[in-house]
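In what follows, a structure is listed as C-alpha cells, so that the remarks can point back to it.
Both backbone and side-chain heavy atoms feed into the values below; hydrogens, waters and symmetry mates do not. Remember, it's 1-based here, ligands and their atoms both numbered in the order they're listed.
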Amino acid sequence: MAIRMDGKKIAAEIRGELKGRVEALKARGIEPCLAVILAGDDPASKIYVRNKKRACEEIGIRSLEILLPESVTEQELIEKIRELNEDRSVHAMLVQLPLPRQIDSLKVLDEIAPEKDADGFHVVNAGRLFTGRASVLPCTPAGCMELIHRAGVEVSGKTAVVVGRSNIVGKPMAQLLLNENATVTICHSRTRNLGEITRKADILVCAVGRAKMVTGEMVKPGACVIDVGMNRLENGKVVGDVDFESVDEVAGYLTPVPGGVGPMTIAMLMQNAILAAEKHG
Ligand code: GUN
C-alpha cells in the first residue's frame with residue numbers, strides 16, 4: 001500500500017499557519033479581502049465557491065461573493081472586474097471557471113489587475129512563472145508541489161510526467177517541476193502509448209478529468225502519484241483520474257480523492273489572497 005499524501009490534514013495545518021498572518025495584517029489595520037466571481041450555475045463551481053468562502057471565514061479573510069447570471073455578457077463581467085480592480089478594500093479576486101460559453105475566458109482573466117490575481121491566471125503572471133520570476137502561483141499546481149515537498153519526495157533530477165495540458169493545471173504544473181530540476185514530459189489526449197510514458201515517471205501528476213483512467217500497470221513501482229481529477233460517477237460518488245485500488249498496490253505515495261489535492265488548492269488560494277494583502281494592502 002502506498003503512503004497517503006493527506007491533503008486534508010496538510011491543508012488544515014496550512015490554514016492554521018495562515019491565521020497568524022491574517023491577524024498580523026489586521027493588527028496593521030488591513031482586513032484581507034478576496035472577491036470571488038461566479039457566473040452561471042454550474043453545480044461543481046457552486047461547490048468550489050462555497051468551499052472557498054468557508055475557508056475565508058475560518059481564516060478571517062473577508063470574502064466578497066459576486067453572483068452573475070448564466071446570461072451575463074462579456075462586457076458586464078469585465079466591468080465588474082474593473083470595479084474590483086479599483087476597489088482599495090479588495091486585495092485579491094478570482095473568476096470561477098468554466099465561464100458561460102458566450103464569454104472568452106482568456107480575455108476576461110487578463111482584465112484582472114495582475115497584483116490582485118488570486119489564481120495566477122493573468123497572462124503576465126503566467127509569463128512570470130514561465131520566465132522564472134513567479135510572484136503568484138496557480139493554486140492547484142502549487143498545492144501539488146506542497147504535497148510533494150511535505151512527503152519528502154525529491155524532485156531534482158527525477159523523471160516527472162504530467163498528464164493534461166490545461167493552462168490551469170497541466171502547463172503550470174510542468175513548469176513548477178521543471179523549475180525544481182525534474183525532467184518533465186507532458187502527455188495529453190493525442191499522446192500515443194501513454195502507459196509506456198507514465199511508467200517511466202518517478203512523479204506522476206494526473207489532471208485529465210477522466211475517471212480512473214490511470215491504472216496500476218501504468219505506474220512505476222514506488223512512484224509518487226498525484227491525482228488532480230474530480231469526476232462524479234453516475235452513482236454520485238466522486239473519484240479521481242487514478243484508479244485508486246490498482247495504483248495503491250504499485251505506487252510509493254498516492255493522494256486520495258477526495259481529501260488530496262482539492263483542499264490544498266483552497267489552502268494555496270488563501271495564501272495567495274494573504275500575500276496580495278501583505279504586498280499591496
Ligand atoms: N475551476 C477549476 N479549477 C479552478 C481554479 O483553480 N480556479 C478557478 N478560478 N476556477 C477553477
Quiz item: For Asn231 and Asp241, does a side-chain donor sit closer than 3.5 Å to a side-chain acceptor?
Solution: yes
Quiz item: Is there any N or O on Tyr48 that sits under 3.5 Å from an N or O of ligand 1?
Solution: no
Practice problem: Tell me yes or no: between the side chains of Thr73 and Gln75, is some donor less than 3.5 Å from an acceptor? | Solution: no
Self-check item: Those atoms of ligand 1 less than 4.0 Å from some heavy atom in Val95
Solution: 8 (C), 9 (N)
Quiz item: Is Phe121 close to ligand 1, meaning an N/O of one under 3.5 Å from an N/O of the other?
Solution: no
Self-check item: Closest protein heavy atom to atom 1 (N) of ligand 1, given as residue, atom name and distance to 0.1 Å
Solution: Leu97 O, 3.0 Å
Practice problem: Can you pull out the closest protein heavy atom to atom 11 (C) of ligand 1? Residue, atom name and distance to 0.1 Å, please. | Solution: Gln96 NE2, 3.4 Å
Quiz item: Do you know which of Cys144, Cys139, Pro141 makes side chain to side chain contact (heavy atoms under 4.5 Å, CB included) with Thr265?
Solution: Cys139
Quiz item: Would you say the side-chain atoms of Glu180 and His149 include a donor-acceptor pair closer than 3.5 Å?
Solution: yes
Practice problem: If you have a sec, work out which protein heavy atom is nearest atom 3 (N) of ligand 1 and how many Å separate them, to one decimal? | Solution: Ile168 CG2, 4.3 Å
Practice problem: Could you verify whether a donor N or O on one side chain and an acceptor N or O on the other, from Gln96 and Lys46, lie under 3.5 Å apart? | Solution: no
Quiz prompt | Atom indices of ligand 1 within 4.0 angstrom of Leu94 heavy atoms, with elements | solution = 9 (N)
Quiz item: Between Asp119 and ligand 1, which part of the residue brings a heavy atom under 4.0 Å of the ligand: side chain, backbone, both or neither?
Solution: side chain
Quiz item: Just by distance, with hydrogens left out, do Arg62 and Ser89 show a side-chain donor and acceptor under 3.5 Å apart?
Solution: yes
